[in-house]
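Structure, as structure tokens:
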Amino acid sequence: MMYSSRRKPVLYFKEDRRFLSRKCTVLKLFGLCIVLVLGSLLWLQLSCSGDLNQAVHDGPPPHQPCERQTDDDPSWGPHKMALIIPFRERFEELLIFVPYMHAFLNKKKIRHKILIINQVDHFRFNRASLINVGYMESGNDTDYIAMHDVDLLPQNEALDYGFPEEGPFHVASPELHPLYHYKTYVGGILLLTKKHYHMCNGMSNRFWGWGREDDEFFRRLRTADLQLFRPKGINTGYKTFRHIHDPAWRKRDQKRIAAQKQEQFKIDPEGGLTNLHYKVESRQELSISGAPCTVIGIALECDLNQTPWCQFS
């Protein structure tokens, strides 16, 4: 009797332990699920906060591209812009520019496609020729172009990127551009209908290296009797744009070779779209932070008899 009385508590204790073990296992699983859910929510919050902080640091779009281009939405208007970016090796700026401009234009409901015209040949950089190429490669689904520097970001939503029906519209006007303030300046950001750009025969292909092609194009606008328009009612002054180019990191090619110094001040009456020679080496559809763009690898051609300064001696 004493033996059995001692055994019963032991057996009862073991059965109760198994019961508690099963109960603890269920509770542990339930608790683990709660921990995982809470951890996921916390991770998501921290990730979003980190992305936001990084975006603020890098100079992000003021608004996320919530609006998306649709062909059947009349509120977007009938016109479509080809945003032409003459480009070479400035990838840090490109990663900021593409999502920024895509969001900026979506916010304003501007139909657009972003064309990165990437010069891949061994000649010196030729911004004007690359813009000519962008015009030629922009397709029949666009009816106006924006000649746009990759290092210039609009900060004021009141800036007009709409169809420049009356004439060329210089968005980055001298009183707003952070660097260039002379009256005949038409660089940075310039909008033209394709008809008006064709009337100018595009831009001169003689400008290898940095600078002066915009000044020659200003003369072309006057020769074509096109009136130049600029923004009105913008009160943000030189803070209207953010200039993200770092001259210490990437110096501009301002060297003048042979007769280039004299030739850069002359008008090129025949050159432009009519004597543009190039080869499309590649075409890639990319998405940068959700913003679509087309990168076109371009090899320009140079007549050394006409412009020997297209390459360094």
Side chain to side chain contact (heavy atoms under 4.5 Å, CB included) evaluation trace for Ile85 with Leu83: CA-CA 7 Å; Ile85 315 301; Leu83 188 64; 4.0 Å; yes
Side chain proximity check, Ile189 to Leu159, heavy atoms < 4.5 angstrom: no
Check: Val133 and Ile84 side chains under 4.5 Å, non-hydrogen atoms: no
Any donor-acceptor pair under 3.5 Å from Asp149 side chain to Asp151 backbone: no
Which atom of Glu213 lies closest to which atom of Arg127, heavy atoms considered: OE2-NH1, 3.1 Å
Close side-chain approach of Leu192 and Leu221, heavy atoms under 4.5 Å: yes
Exercise: identify the closest heavy-atom pair between Val186 and Leu228: CG1-CD2, 3.6 Å
Side chain to side chain contact (heavy atoms under 4.5 Å, CB included) evaluation trace for Tyr180 with Asp214: CA-CA 12 Å; Tyr180 308 114; Asp214 293 323; over 6 Å; no
Trp309 side-chain N/O to Arg206 backbone N/O, donor-acceptor pair under 3.5 Å: yes
Stepwise side chain to side chain contact (heavy atoms under 4.5 Å, CB included) test for Leu153 and Ile96: CA-CA 9 Å; Leu153 305 179; Ile96 298 173; 3.9 Å; yes
Smallest separation among heavy atoms of Tyr238 and Pro178, with atom names: O-CB, 3.9 Å
Heavy-atom donor-acceptor pair, Arg220 side chain to Gly202 backbone, under 3.5 Å: yes
Note: Arg88-Asp121 ion pair, threshold 4.0 Å (strictly below): yes
Polar side chain donor-acceptor pair, Asn156 to Thr240, under 3.5 angstrom: no
Test log, rule side chain to side chain contact (heavy atoms under 4.5 Å, CB included), inputs Leu115 and Ile145: CA-CA 10 Å; Leu115 301 177; Ile145 67 172; over 6 Å; no
Heavy-atom donor-acceptor pair, Asn132 side chain to Met203 backbone, under 3.5 Å: yes
Check: Lys113 side chain, Thr294 main-chain N or O, donor-acceptor pair, under 3.5 Å: no
Arg230 versus Ser173, closest heavy-atom pair with distance: CD-CB, 3.5 Å
Of Asp303, Thr307, Asn275, the residue whose pairing with Asn205 passes side-chain contact (heavy atoms from CB on, under 4.5 Å): Asn275
Side-chain donor-acceptor pair present, Thr193, His196, cut-off under 3.5 Å: yes
Any donor-acceptor N/O pair, Gln155 side chain to Lys239 backbone, under 3.5 Å: no
Lys194 versus Thr142, side-chain donor and acceptor atoms under 3.5 Å: yes
Flag for His177-His243: side-chain donor and acceptor within less than 3.5 Å: no
Check: Arg124 main-chain N/O paired with Gln119 side-chain donor or acceptor under 3.5 Å: yes
Whether over 12 other heavy atoms sit under 6.0 Å from Glu301 CD: yes
Heavy-atom side-chain proximity of Asn106 to His102 below 4.5 angstrom: yes
Cluster overlap Val120 with Val150, hydrophobic side-chain contacts below 4.5 Å: no
Nearest heavy-atom neighbours spanning Pro86 and Ile131: CG-CG1, 4.1 Å
Check: Ser129 and Phe207 side chains under 4.5 Å, non-hydrogen atoms: no
Residue His181 excluded, over 12 heavy atoms near NE2 under 6.0 Å: yes
Aromatic plane relationship, Tyr197 with Phe217 - under 30° parallel, 30 to 60° tilted, over 60° perpendicular: tilted
Pairwise distance CZ(Phe241) to CD1(Ile234) - rounded to 0.5 angstrom: 8.0 Å
Evaluation steps, salt bridge (Lys or Arg N to Asp or Glu O under 4.0 Å), between Glu137 and Arg283: CA-CA 11 Å; Glu137 299 293 326; Arg283 186 187 298 264; 2.6 Å; yes
Pair His148 and Phe97, ring centroids less than 6.0 Å apart: yes
Over all atoms of both residues, closest heavy-atom pair of Val171 and Asp160: CG2-O, 3.7 Å
Separation of Phe169 CZ from Leu190 CG (nearest 0.5 Å): 10.0 Å
Donor-acceptor pair, side chain of His170 and main chain of Gly187, under 3.5 angstrom: yes
Any Gln311 side-chain heavy atom under 4.5 Å of Leu304 side chain: yes
Atom CD of Glu166 with >12 non-hydrogen neighbours under 6.0 angstrom: no
Sub-4.5 Å side-chain heavy-atom contact between Met101 and Pro154: yes
Flag, side chain of Lys108 to backbone of Glu157, donor-acceptor distance under 3.5 Å: yes
Donor-acceptor contact below 3.5 Å, side chain Glu216 vs main chain Asp268: yes
Distance-only donor-acceptor check, side chains Asn126 and Tyr278, under 3.5 Å: no
Phe87 CZ to Glu93 CD distance, which is reported to the nearest 0.5 Å: 8.0 Å
